[in-house]
Amino acid sequence: MELEEIEKAAFSIEGIKNVCVFFAEEKNRIVMVYSAEKEIDKKTLLTAMRNKLAVFPTEYFRTDELPCNNSGKIDRKKIKETYICRVI
């Protein structure tokens, strides 16, 4: 399973504006950081992911906006550095 497939599935969830998925090697967890105007219930996220994917994130974090790098793309490195410490 590619992380991009998880991101594609996440975009089908109502309310999600942008998303970044990464693998936290130290914790052996798939983490999804998404931007949305309001928090989406974890049960809703899990149900949507389980219905579309065999492998899905175990950790979910909402933010108002995902950081971008100088070229305007999602800054995956910064997101991972920011959220890795929050992974259980």
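When a residue number appears, it is its place in the shown sequence, counting from 1.
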Within-4.5 Å side-chain heavy-atom neighbours: [X] and [Y]:
X	Y	value
Thr47	Asn51	yes
Asn18	Ile74	yes
Lys77	Glu81	yes

Taking atom [atom1] of [X] as the centre, report whether more than 12 heavy atoms of other residues, nucleotides or ligands fall under 6.0 Å from it.
X	atom1	answer
Glu65	CD	no
Glu37	CD	no
Glu26	CD	yes
Lys17	NZ	yes

(message) Donor-acceptor check, side chain of Thr63 to backbone of Ser35, threshold 3.5 angstrom: yes or no?
(response) no

(request) Give a yes or no answer on whether the side chain of Glu7 reaches the backbone of Val21 with a donor-acceptor pair at less than 3.5 Å. (result) yes

Minimum heavy-atom distance [X]-[Y], with the two atoms named:
X	Y	answer
Ala36	Arg62	O-NH1, 2.6 Å
Gly15	Ile40	C-CD1, 4.4 Å
Ala10	Ile16	O-CD1, 3.5 Å

Distance, nearest 0.5 Å, that separates [atom1] of [X] from [atom2] of [Y]:
X	Y	atom1	atom2	answer
Leu66	Lys78	CG	NZ	11.0 Å
Asp64	Lys38	CG	NZ	14.0 Å
Leu3	Arg76	CG	CZ	8.0 Å
Met32	Ile79	CE	CD1	12.0 Å

(request) Only one of Ile6, Leu46, Ile30 passes side chain to side chain contact (heavy atoms under 4.5 Å, CB included) with Phe56; say which it is. (result) Leu46

(message) Taking ring pair (Phe, Tyr, Trp, His ring centres under 6.0 Å) as the cut-off, I'd like each qualifying pair that reaches into residues 8-35, sequence neighbours left out, listed once.
(response) none

